[in-house]
Amino acid sequence: MSFPLLTATAVLPAIGAIATAAVPAARRDAAKVLALLFSLATLVLAIVVLVRFDPDGDRYQLTESRSWIAEFGVRYELGVDGIGVALIALTALLIPFIILAGWHDADPLETGNKRWRPTQGFFALILAVEAMVIISFEATDVFLFYIFFEAMLIPMYFLIGGFGDRAHQHGEETAATQRSYAAVKFLLYNLAGGLIMLAAVIGLYVVAGNFSLTEIAEARANGSLDMATNTERWLFLGFFLAFAVKAPLWPLHTWLPNAMGEATTPVAVLITAVVDKVGTFAMLRFCLQLFPEASKWATPAILVLALISIIYGALLAVGQRDIKRLVAYASISHFGFIIMGIFAMTSQGQSGATLYMVNHGISTAALMLVAGFLISRRGSRLIADYGGVQKVAPVLAGTFLIGGLATLSLPGLAPFVSEFLVLAGTFSRYPVIGIIATFGIVLAALYTLVLYQRTMTGPVKPEVAAMPDLRARELLVVAPLIVVLIFLGVYPKPVTDIVDPAVKQTLSDVHEKDPQPEVEAAK
């Protein structure tokens, strides 16, 4: 029997979470090191998965299948396509940087009552989220996917509510209240979407008789499973709603600014760069494969919602006074581009959307982590409390600028290629939607450059005059991400070669072909 590589990739961080949580309270530094080592070991396994995956081979590779709950037809089925492989690599790459960036975020915090924070729990919860996200990218049994899609809410709830941002403007008691509000809102929104999805999962089993994605998709393709039109549409909506909350898509997005604003910076990165990608990934894997006709039926409405997300998120980012909430609203705009690319139903759009998931994860991590280092020095998230930082901390300002330029999709940095593909793919089928969406790029330039101008340029404010530049640990976090942004901006082929075959197969699932350009006959 071959080595269960996919299982090992998901189980290793879970074992790391248990081992980290078990470290004695007095050995919190050992817990940090242990968590980092497990995350690096997971990265090694993810690289092995990446190397062993053959883009020209079978659709799902490294497959594993075992009976699990035989009475209900539930199987432990894993398999990865090019989209899943790319997102597993992204997750495994970011977690070590998230752990390094949060090295001191859960250190003992002394207040009037000398309250202690469970350092081990913080890093254990991050590893637990990593394990659940990875297996979500691997699961090809719908019920198995659903379990971990929902289970990741539990560690995320505790990370948001139990380990909040120390740079709060209103004191610890108010901060604790707002953290609790953000955590509960995150949980309720995602749990509500998940419960609706559970009803759709049960309905799918009633119609199909099993939970296997591959078997159901094959039956849909060869005509042996014929769903009634209304049944397919209701099931699609049940799945899509849960994924739209996670994504997040307007108007189901309102939990994200609260969660990112009140969480520690590494946890904010974990939310938007890792966890939220499960929603957009699931739209490609489950909505389009299981419900092709309903996906095409819902496309016009979804494209309008995605367009609203792009413009709405960018406009609110322009008006933000809080650095972290600005990045949160910018992410809502970026997820609008991703969803628009998915439902443009073109190979360019879907390739761009998948590439955007990877590039957005890296660019948002770079910008948000540098912003977190900035905030930790000043103790404030308000843009107005900064000014002239580039004169006292030029390396910090320079990395902040590169992260910001990546966010606005500057040519030469990774997000440009993916955003260009999304817009080109959308314009070829829905030109009006594509034209309006380009205004999101203009607004992105506005909120990014205004943020940099207000925080980094101008006279040096007295509060930042003694601000230190990036330290060695912080450079170790940021520098590799910037290198990847530049490399993928100049040479995205390694990622596109992996995802393009999977995208073409997904497009064939919905029986769509790329529109042919209209060429006027020569006279």
- Task: Answer with yes or no whether the side chains of Thr364 and Thr272 bring together a donor and an acceptor at under 3.5 Å.
- Result: no
| message | Quick one, Gln453 and Leu449 - any side-chain contact, counting heavy atoms below 4.5 Å? | response | no
Taken in chain and number order and not counting sequence neighbours, the residues that satisfy side-chain contact (heavy atoms from CB on, under 4.5 Å) with Ala19 are Leu34, Phe38
Decide if atom CZ of Arg473 counts as having more than 12 heavy atoms of other residues, nucleotides or ligands within a radius under 6.0 Å.
yes
(Q) Any heavy-atom pair between the side chains of Glu150 and Leu191 that's under 4.5 Å? (A) yes
Value for CZ (Phe416) from CD1 (Ile441), rounded to nearest 0.5 Å, stands at 8.5 Å
Review point. Considering only heavy atoms from C-beta outward, does the side chain of Pro415 approach that of Thr407 to under 4.5 Å?
Key: no
Residues pairing under side chain to side chain donor-acceptor pair (under 3.5 Å) where one sits in residues 183-192, two or more places apart or in two chains, turn out to be Lys185-Asn258, Tyr189-Thr254
Please check if the side chain of Lys324 supplies one atom and the backbone of Ile375 the other of a donor-acceptor pair under 3.5 Å.
no
message = So that I know where these two stand, are His253 and Phe335 an aromatic pair - ring centroids less than 6.0 Å apart?
response = no
Evaluate the criterion salt bridge (charged side-chain N to carboxylate O under 4.0 Å, His left out) for residue pair Arg381 and Glu262; output intermediate values, then yes/no.
CA-CA 10 Å; Arg381 304 189 327 232; Glu262 301 306 321; 3.7 Å; yes
Sequence neighbours excluded, the answer for side-chain contact (heavy atoms from CB on, under 4.5 Å) partners of Val133 is Thr91, Val129, Phe137, Met152, Val274, Val275, Val278
Review point. Do Ile126 and Leu159 have side chains that get closer than 4.5 Å, going by heavy atoms?
Key: yes
### Query
If you draw a 6.0 Å radius around CZ in Phe420, do more than 12 non-hydrogen atoms from other residues or ligands fall strictly inside?
no
